[in-house]
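Numbering of ligands and ligand atoms starts at 1, following listing order. Keep in mind that the numbers below use all heavy atoms, side chains included, and drop hydrogens, waters and symmetry copies.
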Amino acid sequence: MTEEQIGKAALLLRQGGLVAFPTETVYGLGADASNPAALKRIFAAKGRPADHPLIVHIADMSDLKNWVAEVPRAAWLLAEKFWPGPLTMVLKRAPHVNALISGGQDSIGLRVPAHPVAQNLLRAFGGGIAAPSANKFGRLSPTAAEHVRQELGAAVDMVLDGGNCEVGIESTIVDLTRETPAILRPGRISAQQIGDALLAQLGENGLDRPRVPGAMASHYSPLLPLKLVHPDQIETYVRQHAGTAIAVLARRGRPRDSKAALWQVAPELPDDYARTLYAALRRLDDSGCRMIVVEDPPQLPEWVAVRDRLVRAATPEPVQVPAAKVG
Ligand code: TXA
Ligand code: MG
C-alpha cells in the first residue's frame, strides 16, 4: 500500500466519498463520520435500513472524547488492554453525533482497528471513519478486497487492498452503557477476556441480546441455504437429500464413499476456522451446488463466535406445526 493511495483515499473521504479498507476483522465500507451525505451513501450502497447504527473507527483511544458523552473507567481499561484491536465499545454518545451513526439511539459504537492500512488511513484522514462491513445488507462480510469489488462494485469509490483479514469475523461488541457490561456480538476477544480485564462479571445472557439490530436471525448469510449438521450425521443428511448437489464444510476429511458433490476441509482450531470461514462460504456459494452443509462446531467457549455466525447463517428447518385440535 503506497502513501499515495492512502492520500487519495483520505481525500476521497474528505470529499464525501466511500472508501473500502481492510481491518484485522473484515473489510469496512468507510465514510467521513461527520458528513451526513456521505453516511447516507453507506446505507444506500449496502441496502441497509437506517435504524442500524454504524461503528465509528478512530485512530487512537485519545479520540474517544470527540464522540462520547463520558468515558467510563471500564472503557479506559478495555481500551488499554485491547486497542488497537478487534473490540468495539458501545458508549453514551456525544450530543453532536449524527443520528445516522447512532441509529436513533443515545449510544455510539467505537473501535480502534489494528490493521496498518486502517491505521494509516485514519491518521491521513484525521477524523472518525464510520464503517460497517463492506457487504450488502445481511450477507457475508468481506475478508478480501476482491469480495468487496464483487459485491459492491461501482458503489464504492475506492477499495484499499490489504490482503486477507487476519481475524476473519467481525469485532467483539461490548455494551458499556448499562450498569453491567454485556457482550452484544461475540468475536475473537472472548467474554472471558473482557470479564478478566474488567474484573467483573458480564451481564447474564449478554451473549444473545437482540439489542444489536445486526443481530437479527438472518445475518451473515451465504446465498445458498445452509444447514448445520452434527458431524456424525453429515453423510446421512447428504444421502437423505440425494437429489440435491450438496457442498460440505467440515473439519474432518471427506469419507471415501461420501455422496457430497463437494467437500471442503476447514481448519481444526477456532481462530484459523474463523479466519477462513467467510471466504470458504463464498467459494461454496459459487460452486454450482444447491445447498451448503456445515459441520456443527463444538459447544465450547472458544467456538462461541464461530457458532454465532454459523447459527445466524443457517436456514431454520421448517417448523412442523401440529394440527390444531378441534373442539
Ligand atoms: O469488525 C467489525 O466490527 C467491522 C469492521 C469493519 O470494523 N464492522 C462491522 O460493522 O462489523 P457492521 O456495521 O457490519 O456491524 C456493526 C454492528 C451492527 O450490528 C450494529 O447494529 C452494531 O454493531 N452497533 C453499532 N453501533 C451500535 C450501538 N450504538 N449500539 C448497539 N449496537 C451497535
Ligand atoms: Mg455487517
Side-chain angles (χ1 to χ4, degrees), residues 18-31 33 39 42-43 45-58 67-69 82-94 97-115 117-119 121-122 128-143 147-148 151-152 159-160 162 165-178 181-189 206 209-221 274-275 278 305 308-309 312-313:
L18 295 185
V19 174
F21 62 97
T23 80
E24 68 278 28
T25 57
V26 299
Y27 275 72
L29 179 62
L39 296 173
I42 290 184
F43 288 86
K46 279 186 64 95
R48 176 170 171 144
D51 62 347
H52 284 234
L54 298 173
I55 294 174
V56 174
H57 297 69
I58 51 179
W67 298 97
V68 306
F82 299 114
W83 279 357
L87 177 72
T88 296
M89 291 192 235
V90 172
L91 296 163
K92 292 221 169 72
R93 68 172 170 84
V97 170
N98 192 284
L100 284 170
I101 287 177
S102 58
Q105 305 188 46
D106 58 2
S107 61
I108 180 172
L110 288 146
R111 171 157 115 80
V112 176
H115 196 292
V117 173
Q119 274 290 328
L121 180 63
L122 281 162
I129 303 179
S133 51
N135 51 278
K136 290 276 188 192
F137 180 65
R139 296 292 177 205
L140 302 168
S141 296
T143 54
H147 299 164
V148 182
E151 198 158 319
L152 297 178
V159 180
L160 292 172
C165 300
E166 199 266 320
V167 177
I169 54 172
E170 305 78 3
S171 60
T172 306
I173 304 181
V174 59
D175 184 353
L176 298 177
T177 63
R178 9 168 160 197
I183 303 284
L184 299 182
R185 180 173 71 185
R188 164 77 75 89
I189 295 172
R209 299 193 61 102
R211 213 189 114 188
V212 192
M216 309 180 321
S218 73
H219 218 71
Y220 315 113
S221 296
R275 181 179 305 122
Y278 289 156
D308 170 81
R309 304 314 191 276
R312 290 181 205 293

Mind counting the protein N, O or S atoms sitting less than 2.8 Å from the Mg ion (ligand 2)?
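Every protein N, O or S atom under 2.8 Å from the Mg ion (ligand 2) counted, the figure is 1.
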
Ligand-residue contact atoms, ligand 1 with [X], heavy atoms, under 4.0 Å:
| X | value |
| --- | --- |
| Ile108 | 29 (N) |
| Gly28 | 6 (C) |
| Thr25 | 1 (O), 2 (C), 4 (C), 5 (C) |
| His57 | 5 (C), 6 (C), 7 (O) |
| Ser107 | 28 (C), 29 (N), 30 (N) |
| Ile173 | 17 (C), 22 (C), 23 (O) |

For Thr88, what residues pass the side-chain hydrogen bond (donor to acceptor under 3.5 Å, both in side chains) criterion, not counting sequence neighbours?
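Thr88 satisfies side-chain hydrogen bond (donor to acceptor under 3.5 Å, both in side chains) with Ser171 once adjacent residues are dropped.
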
What I'd like to find out is whether the side chain of [X] reaches to under 4.5 Å of the side chain of [Y], using heavy atoms alone.
| X | Y | value |
| --- | --- | --- |
| Arg139 | Lys46 | no |
| Pro113 | Leu122 | yes |
| Val68 | Met89 | no |
| Ile108 | Ser102 | no |
| Glu151 | Pro142 | no |
| Leu91 | Trp67 | no |

Could you see which bit of [X] sits under 4.0 Å from ligand 1, with heavy atoms only: side chain, backbone, both or neither?
| X | answer |
| --- | --- |
| Glu170 | both |
| Asp175 | neither |
| Arg93 | neither |
| Met89 | neither |

Against the six-membered ring of Tyr220, is Arg312 placed for a cation-pi contact (under 6.0 Å from the centre, within 45° of the normal)?
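No - Arg312 does not lie over the ring of Tyr220 by the 6.0 Å and 45° rule.
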
Stepwise side chain to side chain contact (heavy atoms under 4.5 Å, CB included) test for Gln105 and Val90
CA-CA 11 Å; Gln105 305 188 46; Val90 172; over 6 Å; no

Sequence-distant partners of Phe21, ring pair (Phe, Tyr, Trp, His ring centres under 6.0 Å), two or more places apart:
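Here the qualifying residues are His57.
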
What pairs with Arg188 under salt bridge (charged side-chain N to carboxylate O under 4.0 Å, His left out), at least two apart in sequence or on another chain?
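Counting only residues at least two positions away or on another chain, Arg188 forms a salt bridge (charged side-chain N to carboxylate O under 4.0 Å, His left out) with Glu166, Asp271.
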
Among His115, Glu170, Arg111, side chain to side chain donor-acceptor pair (under 3.5 Å) partner for Thr25
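Testing each of His115, Glu170, Arg111 against Thr25, the sole residue satisfying side chain to side chain donor-acceptor pair (under 3.5 Å) is Arg111.
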
With nothing but distance in play, are any N or O atoms of [X] less than 3.5 Å from an N or O of ligand 1?
| X | result |
| --- | --- |
| Gln105 | no |
| Arg185 | yes |
| Ser171 | yes |
| Ser133 | yes |

Short side-chain donor-acceptor distance under 3.5 Å, Arg309 and Ser141:
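No.
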
Using heavy-atom distances only, which candidate in Gly30, Ala130, Pro132, Pro53 approaches atom 24 (N) of ligand 1 most closely?
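Result: the heavy atom closest to atom 24 (N) of ligand 1 is in Pro53.
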
Would you say the ring centers of His147 and Tyr278 fall short of 6.0 Å from each other?
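No.
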
So is Arg111 touching ligand 1 or not, going by heavy atoms under 4.0 Å?
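For ligand 1, residue contact (heavy atoms, under 4.0 Å) with Arg111 is present.
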
